[in-house]
Amino acid sequence: MVLAGGRGSRMGGVDKGLQNFNGTPLALHTVLRLQMQEGRHIGELMLNANRNLAAYEAFGAPVWPDTLSDYAGPLAGFLTGLERCETPYLLTVPCDTPLFPMDLVSRLAAAFDDDTTEIAMAAAREDDGQLRAQPVFCLMRVDLLESLVAFTQSGGRKIDRWTDQHKTVLVPFDQPGDDPRAFCNTNTLAELHALEKS
């Protein structure tokens, strides 16, 4: 599930997933990068968007708006994905992080070698050297749908408050050869253009 359902408020309200990165809309760039993932773990791709649906449908994957109202954040995208997913696991990737690793899926999937894992979440080093979770880069069991429905119906909107209720494994992407820019997200058009040039 490519998450492109936000308001884009820090980009002046533009639809972030339709902004170009090196000539390709961010959401389409994300779809293509998922299709090229190592290990061929990707099944059916879906997009989560809340406006300009026809533009997103042109990217060749089903488009599903949030089932929660009022732009409820990434968890609304998680919920929509879990409701629509027809495989045992759902992967979520945001549309605004165009350099995410080509081995993202295989490394997250390895966390499920432990049968108790319910969610695998990417983690990366920040500029201060701290390893920080990248909570919108998640691979999760689809049987968590009931838990997420209950959490959101009670007003919950914070990803970490929900994932803390489950066996969540952080998967570090800080090995030699890992791109330090892999999880740089583009919240403003200036950040987007700077990442294009880097």
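Below, each value reflects all heavy atoms present in this structure, side chains not excepted, and no hydrogens, waters or symmetry copies.
A donor-acceptor pair under 3.5 Å is formed between the side chain of R107 and the backbone N or O of P172. Side chain of N50 to main chain of G5: a donor-acceptor pair is present (N/O by atom type, distance under 3.5 Å, no hydrogens or angles). In this structure a side-chain-to-backbone donor-acceptor pair under 3.5 Å is present from Q134 to R132. Put simply, the side chain of T163 never gets that close to the backbone of T168: no donor and acceptor are under 3.5 Å apart. Using modelled atom types, one side-chain atom of T80 and one backbone atom of A76 make a donor-acceptor pair closer than 3.5 Å. A donor-acceptor pair under 3.5 Å is absent between the side-chain atoms of R84 and the main chain of V63, judged by distance alone. Side chain of T186 to backbone of D96: a donor-acceptor contact under 3.5 angstrom is found.
Once rounded to the nearest 0.5 Å, the distance linking SG of C95 with CE of M1 reads 12.5 Å. Once rounded to the nearest 0.5 Å, the distance linking CG of D66 with CG of L75 reads 10.5 Å. Here CD of E44 is found 6.0 Å from CD of E86. Values are rounded to the nearest 0.5 Å. Rounded to the nearest 0.5 angstrom, L82 CG and L145 CG are separated by 5.5 Å. Distance check: M102 CE to L104 CG gives 10.0 Å after rounding to the nearest 0.5 Å. Rounding to the nearest 0.5 angstrom, the gap separating the CZ atom in F183 from the OG1 atom in T97 is 8.5 Å.
The number of heavy atoms from other shown groups lying within 6.0 Å of NZ (K167) is above 12. A 6.0 Å sphere centred on CZ of R161 holds no more than 12 heavy atoms belonging to other residues, nucleotides or ligands. Within a 6.0 Å sphere centred on CD of E146, other residues, nucleotides and ligands contribute 12 heavy atoms or fewer.
Pairing each heavy atom of L34 with each of I42, the nearest pair is O-CG1, 3.4 Å. The minimum heavy-atom distance between A27 and L47, with the atom names listed, is CB-CD2, 4.2 Å. In plain terms, the two heavy atoms of A111 and T117 that are nearest each other are O-OG1, 2.8 Å. Across every non-hydrogen atom of R157 and F151, the tightest pair is N-CE2, 3.7 Å. Across every non-hydrogen atom of P180 and C184, the tightest pair is O-SG, 4.4 Å. C85 and V142 get closest at one heavy-atom pair: SG-CG1, 3.5 Å.
In the hydrophobic clustering (ILVMFWY side chains linked at under 4.5 Å, chained through shared members), L170 is joined by M121.
No side-chain heavy atom of L45 sits less than 4.5 Å from a side-chain heavy atom of F59. Using a 4.5 Å heavy-atom threshold, the side chains of F173 and D103 count as touching. Inter-residue side-chain proximity for L144 and F78 is flagged as unmet; no heavy-atom pair is nearer than 4.5 Å. For the pair V169 and D114, the minimum side-chain heavy-atom distance is 4.5 Å or more.
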_Please evaluate residues M46 and N48 with respect to the criterion side chain to side chain contact (heavy atoms under 4.5 Å, CB included), reporting the C-alpha separation (whole Å), side-chain torsions for both, the decisive distance (0.1 Å), and the verdict._
CA-CA 7 Å; M46 301 180 282; N48 167 233; over 6 Å; no
_Between V136 and N185, is the side chain to side chain contact (heavy atoms under 4.5 Å, CB included) condition met? List the steps._
CA-CA 11 Å; V136 283; N185 65 325; over 6 Å; no
*Determine, step by step, whether Y56 and V31 satisfy the side chain to side chain contact (heavy atoms under 4.5 Å, CB included) criterion, reporting the C-alpha distance in whole Å, the side-chain angles of both residues, the deciding distance to 0.1 Å, and the verdict.*
CA-CA 11 Å; Y56 284 106; V31 166; over 6 Å; no
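Salt bridge absent: D160 and K158 never bring a charged side-chain N and a carboxylate O closer than 4.0 Å.
Among residues at least two apart or in separate chains, there is no side-chain hydrogen bond (donor to acceptor under 3.5 Å, both in side chains) pair with a member in residues 21-38.
In this structure, Y89 and F112 have perpendicular ring planes: the angle between them is above 60°, well past the 30° mark.
I119 and L131 are assigned to two separate hydrophobic clusters, defined by single-linkage of ILVMFWY side chains at heavy-atom distances under 4.5 Å.
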